[in-house]
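Everything numeric here is computed off the predicted structure, so don't read it as measured data. Residue indices begin at 1 and follow the sequence shown.
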Amino acid sequence: MDTRHRGGPELPVPGDVWMLVRERPIALRRSTAELAGAFTAAFGARFVLWHTDELLFGVRAGRLVLHTLGGVDLPAPDVVCVRQMPSSMRSDRETTLLRHLERMGSTLVNPADAQLAAGNKVWQVQELALAGLPVPDTLSYATAPLDGVVRSPHLRTPCVVKAVSGTKGRQVFLARERGLLRELSGSLAARTPFLFQEYVAGSHGRALRVVVVDGEPVGSVLHASRHGDIAANIANGGSATLCAGRHPQAEELAVRAARALGLDIAGVDLLFADDGTFTVCEVNAVPGWRPEMTAVTPAIVACVARRLAVRGCEASPAPHPGAPCPATTPRERREEPAAVQPSAGDRRGTAMPAGE
């Protein structure tokens, strides 16, 4: 639980809305801290921020249980906003916690299975291709020796080499010819496998990031590298130019990509194809966004508010037979308020600060 004093009292009753972030002492990302502040403003004492190293889970007397390190039993929250990068999760650690929360009845944003798919670039390409979306030709492997992989007749150069679970443009480089791959195959051999992907020359050093929330594009930004690097990433010194609405075809493709992976919230990176169309590069389940992209945070707050409304409708008897739960079509989503102020009777637990 996010408190300013680690020795302070723990919550006897937790909130309805959780944000789940990485273990301490890893600091919150700027966008995550911004979102935590917005959740506090919208949901008040119903919102709690937890770090993954503060929770224990298991089975007791035949029932799934969840409690703090201090021994306080916790009922499952209604909605959990997951803000840990899937690539940093382990199936025997954080992913197991997400699965446990879902099995206890919590609604996860994003769902555990979608987080898993987004954390593996090959899984992403598999799902996107099956959905009929444009993706670069891709080759990867399971346990084949890497020096044999780089000699495969199906591996064509130039190609982009990526770690299957890398983030922020790390472990990405352009191999212009096969000889280079053979020379580097020894240094590439690592615990994380690599994939070899078609080089889209028209998008060298630039990519379009579209943030999608609940099936709607809520922000777009053009990333460009400054030093001729192939990966257009801010973390590597690139630039960012806002461009919402300028590429409607790309935004529509991004919505389809998020849907194909089952993501409520996604940052979809698109490449500029030579024929003027777009190709899906990869999809991020825990996207960051620029401070100027002011529509993103309210959209995520509204997304969580809708999940809470649906949960409340499911838990309460309908006022008359056939009464519907709150609608969640794109048209009606845009008409909903971006924040929900809790009533005094709803206030449980302790409101969390915006960040660290």
Under a single-linkage definition using a 4.5 Å side-chain heavy-atom cutoff for Ile, Leu, Val, Met, Phe, Trp and Tyr, are [X] and [Y] assigned to the same hydrophobic cluster?
X: L308; Y: F39; value: yes
X: F57; Y: V48; value: yes
X: L64; Y: L66; value: yes
X: V200; Y: V160; value: no
X: V59; Y: M104; value: yes

Check for a donor-acceptor pair, side chain of [X] on one end and backbone N or O of [Y] on the other, with a separation under 3.5 Å.
X: E23; Y: T52; value: no
X: R30; Y: W289; value: yes
X: D229; Y: A231; value: no
X: E198; Y: D137; value: yes
X: S140; Y: F194; value: yes

Tell me every residue that passes side chain to side chain contact (heavy atoms under 4.5 Å, CB included) with [X], counting only those two or more places apart in sequence or in another chain.
X: E177; answer: L180
X: T294; answer: none
X: C159; answer: L155, T157, V161, A175, L181, F196

Under the side chain to side chain contact (heavy atoms under 4.5 Å, CB included) criterion, do V304 and F47 qualify, and how do the steps go? CA-CA 11 Å; V304 170; F47 170 61; over 6 Å; no
Given the rule in the side chain to side chain contact (heavy atoms under 4.5 Å, CB included) test, do Q84 and L20 qualify, once you have shown the distances and angles that lead to the verdict? CA-CA 7 Å; Q84 176 172 353; L20 193 62; over 6 Å; no
Can you pull out every salt bridge (charged side-chain N to carboxylate O under 4.0 Å, His left out) where at least one residue sits in [range]? Sequence neighbours excluded, please.
range: residues 141-157; value: none
range: residues 93-104; value: none
range: residues 55-67; value: R60-D73

Going by ring pair (Phe, Tyr, Trp, His ring centres under 6.0 Å), name the pairs with one or both residues in residues 61-85, residues two or more places apart or in two chains.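 Every candidate ring pair (Phe, Tyr, Trp, His ring centres under 6.0 Å) pair involving residues 61-85 fails, so no pair, neighbours aside, qualifies.
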If you link ILVMFWY side chains whenever their heavy atoms are less than 4.5 Å apart, which other residues fall into the same cluster as L195? By chain and number, please.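 V122, V164, all in the cluster of L195.
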Apart from V210 itself, residues in the same hydrophobic cluster as defined by side-chain heavy atoms under 4.5 Å: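 Answer for V210: V125, L128, L133, V135, L208, V212, L222, L253, V255, L261, L263, V268, L270, F272, F278, V280, V283.
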[X] [atom1] to [Y] [atom2] distance, which is reported to the nearest 0.5 Å:
X: D269; Y: T279; atom1: CG; atom2: OG1; answer: 13.0 Å
X: M19; Y: R83; atom1: CE; atom2: CZ; answer: 6.5 Å
X: H51; Y: I26; atom1: NE2; atom2: CD1; answer: 10.0 Å
X: K121; Y: S165; atom1: NZ; atom2: OG; answer: 7.0 Å
X: T68; Y: E54; atom1: OG1; atom2: CD; answer: 9.0 Å
X: M85; Y: R29; atom1: CE; atom2: CZ; answer: 5.5 Å

Of all heavy-atom pairs between [X] and [Y], which one has the smallest distance, and what is that distance?
X: N284; Y: V286; result: OD1-N, 2.8 Å
X: E251; Y: S220; result: OE2-OG, 3.0 Å
X: A240; Y: H223; result: CB-CD2, 3.9 Å
X: S31; Y: G288; result: OG-CA, 3.5 Å
X: Q197; Y: P136; result: CG-CB, 3.4 Å
X: R178; Y: V150; result: NH1-O, 2.9 Å

Once side chain to side chain donor-acceptor pair (under 3.5 Å) is applied, do any residues pair with E127, and if so which ones, sequence neighbours excluded?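 Per chain and number, E127 pairs via side chain to side chain donor-acceptor pair (under 3.5 Å) with no residue.
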4.5 Å side-chain heavy-atom contact, R307 and D214: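 Answer yes - side chains close enough.
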Taking the side chain as C-beta and beyond, is there a heavy-atom pair between P287 and M293 under 4.5 Å?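 No, their side chains stay 4.5 Å or more apart.
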Test ring pair (Phe, Tyr, Trp, His ring centres under 6.0 Å) applied to H204 - qualifying residues, sequence neighbours left out: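 Partners of H204 by the ring pair (Phe, Tyr, Trp, His ring centres under 6.0 Å) criterion, ordered by chain and then number, come out as Y199.
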Given side chain to side chain contact (heavy atoms under 4.5 Å, CB included), test L74 with W50 step by step and report yes or no. CA-CA 12 Å; L74 300 172; W50 290 97; 4.0 Å; yes
Which pairs of donor and acceptor atoms, one on a side chain in residues 106-116, lie under 3.5 Å apart (sequence neighbours left out)?
residue	atom	partner	partner atom	Å
S106	OG	P77	O	2.7
T107	OG1	R311	NH1	3.2
N110	OD1	D264	N	2.5
N110	OD1	I265	N	2.8
N110	ND2	I265	O	2.9
N110	ND2	A285	O	3.0

V17/D78 under side chain to side chain contact (heavy atoms under 4.5 Å, CB included): CA gap, chis, key distance, verdict: CA-CA 6 Å; V17 179; D78 288 333; over 6 Å; no
C303 and its side-chain contact (heavy atoms from CB on, under 4.5 Å) partner, picked from V218, V213, V79: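 Exactly one candidate clears the test, V213.
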